[in-house]
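See structure below.
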Amino acid sequence: MTFPLNADLHCHSTVSDGTLTPEALAERAKANGVDLWALTDHDEVGGQQRAMDAARTQGLRYLTGVEISVTFADVTVHIVGLGFDHTDPRLAEGLADTRDGRGPRAIEMGEQLAKVGIHGAYEGALKYVGNPRLISRTHFARFLVESGVCRDTPEVFRKYLTEGKPGYVPHRWAKLGDAVKWITGSGGLAVIAHPARYKFTPNEEYALFSEFKQHGGQGVEVVTGSHSAAEAVRYADMAREFGLAASRGSDFHSPDESHVDLGKLPPLPADLTPVWSLLAERVH
Ligand code: AMP
Ligand code: MN
Ligand code: MN
Ligand code: MN
């Protein structure tokens, strides 16, 4: 599997914080010209079998996927896993532990928001949750938009749900080394998701990339819905410097919220090794 290939290896369904089902995503990916697809729900592989079956129905090639929440240098970092065995028990156990704190955290978010006059946010967010094991800030954001507190989800995050804001509850996620191990231990390839989002200092970023490699991580997202063109150029350079393969994914969540649709991304720079060239045997 080499170029040209329209791969989209990052998106979310109702099994985490997306608004479309795995089946609807597969259909949309096909309609948008995607050749190779991966559903990467947050901390959850419960949608993988459905996505794989839907991909087969659509005649799409498929790689299993997940996006694991990690705490590194006190910052939440996302690690995408691709091409693993989604029935692996150690992966399941690690993801279950990672998801564990979400329920209590969400209750506390509701309490914090009530203190600034926003009542019923926890119950409101729950209405948007497709998977009771996976309540996310995104569900709160949808409720705050629906109830007219904010105009759109970026405004909710800016005003209420990011560090230092009234509805932000700090949380400790998985360790970087553990997340990489769960992915590689189940036959997959680990990828640093949307690195430009973390706003690390150069030293912290260097530490993330080098520790990620030491743990056995092999890829980095270069072209993503979360990167500007300049950021894609910068992380293409990081991929070259660190000898990492490159990934490409829209991070699509919803037709109403996402500005980049499935498969509608620029190609990867041609000199980089695409992650899928290392995963040929893992494609369904
Ligand atoms: P959580 O895993 O509960 O902390 O929620 C993180 C999710 O919130 C991410 O996966 C995104 O879908 C969404 N998110 C984070 N930051 C923003 C933002 N600034 N604007 C819109 N959505 C965001
Ligand atoms: Mn999300
Ligand atoms: Mn992410
Ligand atoms: Mn994502």
Side-chain angles (χ1 to χ4, degrees), residues 6-34 37-44 46-48 50-51 54-55 58 60 65-67 69 76 78 80 102 106 109-110 113 118-162 165-168 193-194 196-197 221 223-229 231-232 248-266:
N6 187 354
D8 192 326
L9 305 180
H10 190 150
C11 68
H12 300 272
S13 76
T14 46
V15 174
S16 64
D17 62 348
T19 63
L20 301 184
T21 60
E23 292 77 17
L25 285 169
E27 201 176 314
R28 192 178 184 98
K30 181 68 181 183
N32 286 358
V34 172
W37 176 49
L39 171 65
T40 55
D41 278 312
H42 296 285
D43 307 324
E44 171 68 91
Q48 290 306 304
R50 283 172 68 185
Q58 297 293 340
L60 274 176
V66 68
E67 181 174 22
S69 313
T76 300
H78 286 168
V80 162
R102 281 187 180 271
M109 285 171 68
L113 289 168
I118 301 167
H119 297 280
Y122 173 66
E123 294 73 16
L126 274 182
K127 283 193 293 174
Y128 292 90
V129 170
N131 171 0
R133 302 189 293 198
L134 214 294
I135 182 160
S136 132
R137 283 185 289 164
T138 317
H139 302 115
F140 280 82
R142 291 191 185 125
F143 169 71
L144 293 190
V145 172
E146 179 215 46
S147 56
V149 176
C150 293
R151 222 160 357 107
D152 53 22
T153 52
E155 187 187 337
V156 182
F157 277 89
R158 215 167 43 242
K159 288 191 175 162
Y160 294 103
L161 300 183
T162 41
K165 299 299 157 63
Y168 182 76
H194 44 62
R197 285 250 301 263
E221 281 184 350
V223 173
T224 120
S226 299
H227 282 178
S228 66
E231 286 165 345
R248 174 180 188 264
S250 57
D251 206 356
F252 181 79
H253 282 69
S254 161
D256 302 324
E257 294 165 14
S258 300
H259 58 276
V260 177
D261 206 335
L262 283 163
K264 304 287 184 188
L265 294 153

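With rounding to the nearest 0.5 Å, the separation of CG in L161 from CG in L144 is 6.5 Å.
A 4.5 Å side-chain heavy-atom check between N6 and R248 finds at least one atom pair inside the cut-off. In this structure the side chain of D251 never reaches within 4.5 angstrom of the side chain of V260, judged on heavy atoms. Residues T19 and D256 have side chains not in contact (no heavy-atom distance under 4.5 Å, counting atoms from C-beta outward). Side-chain contact check for V80 versus L9: every heavy-atom pair is 4.5 Å or farther apart. Residues F140 and V156 are not in side-chain contact: their nearest non-hydrogen atoms beyond the backbone lie 4.5 Å or more apart.
The two residues A55 and W37 come nearest to each other via the heavy atoms CB-CE3, 4.1 Å. Across all non-hydrogen atoms, the minimal contact from A141 to T153 is CB-CG2, 3.7 Å. The heavy-atom pair separating P22 from V15 by the smallest distance is CG-CG2, 4.4 Å. Across all their heavy atoms, A29 and L60 have their closest contact at CB-CD1, 3.9 Å. Q48 approaches L39 most closely through the heavy-atom pair NE2-O, 2.9 Å. Scanning all heavy atoms of the two residues, the minimum distance from A38 to C11 falls at O-SG, 3.7 Å.
At least one donor-acceptor pair under 3.5 Å links the side chain of D8 to the backbone N or O of S250. For E231 (side chain) and S228 (main-chain N/O), a donor-acceptor pair under 3.5 Å exists by modelled atom type. Between the side chain of R28 and the backbone N or O of L262 there is no donor-acceptor pair closer than 3.5 Å.
With sequence neighbours excluded, the residues that form a salt bridge (charged side-chain N to carboxylate O under 4.0 Å, His left out) with R142 are E257. Taking R133 as the reference, E44 meet the salt bridge (charged side-chain N to carboxylate O under 4.0 Å, His left out) condition, with sequence neighbours excluded. Evaluation of the side chain to side chain contact (heavy atoms under 4.5 Å, CB included) rule for K165 yields T162 as partners, not counting sequence neighbours. The salt bridge (charged side-chain N to carboxylate O under 4.0 Å, His left out) search around K159 returns E155, not counting sequence neighbours. Checked against salt bridge (charged side-chain N to carboxylate O under 4.0 Å, His left out), E67 has no partners two or more places apart in sequence or in another chain. Residues that satisfy the side chain to side chain donor-acceptor pair (under 3.5 Å) test with N32, not counting sequence neighbours, are D261. Residues satisfying the side chain to side chain donor-acceptor pair (under 3.5 Å) criterion with T14, sequence neighbours excluded, are absent altogether. With sequence neighbours left out, the side chain to side chain contact (heavy atoms under 4.5 Å, CB included) criterion links E23 to T21, R50, A54. Remark: R102 engages H42, D43, S69, R105, L134, I135, S136, W173 in a side chain to side chain contact (heavy atoms under 4.5 Å, CB included) (not counting sequence neighbours). Residues passing the side chain to side chain contact (heavy atoms under 4.5 Å, CB included) test with S258, sequence neighbours excluded: F252, H253. Remark: Y128 pairs with E146 by the side chain to side chain donor-acceptor pair (under 3.5 Å) rule, at least two apart or across chains.
Identified under the salt bridge (Lys or Arg N to Asp or Glu O under 4.0 Å) test for residues 10-19, with sequence neighbours left out: none.
Exactly one of H194, H78, H10, R197 qualifies for a side chain to side chain donor-acceptor pair (under 3.5 Å) with S226. That residue is R197.
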Could you walk me through whether Y160 and M109 pass the side-chain contact (heavy atoms from CB on, under 4.5 Å) test, one step at a time?
CA-CA 10 Å; Y160 294 103; M109 285 171 68; over 6 Å; no
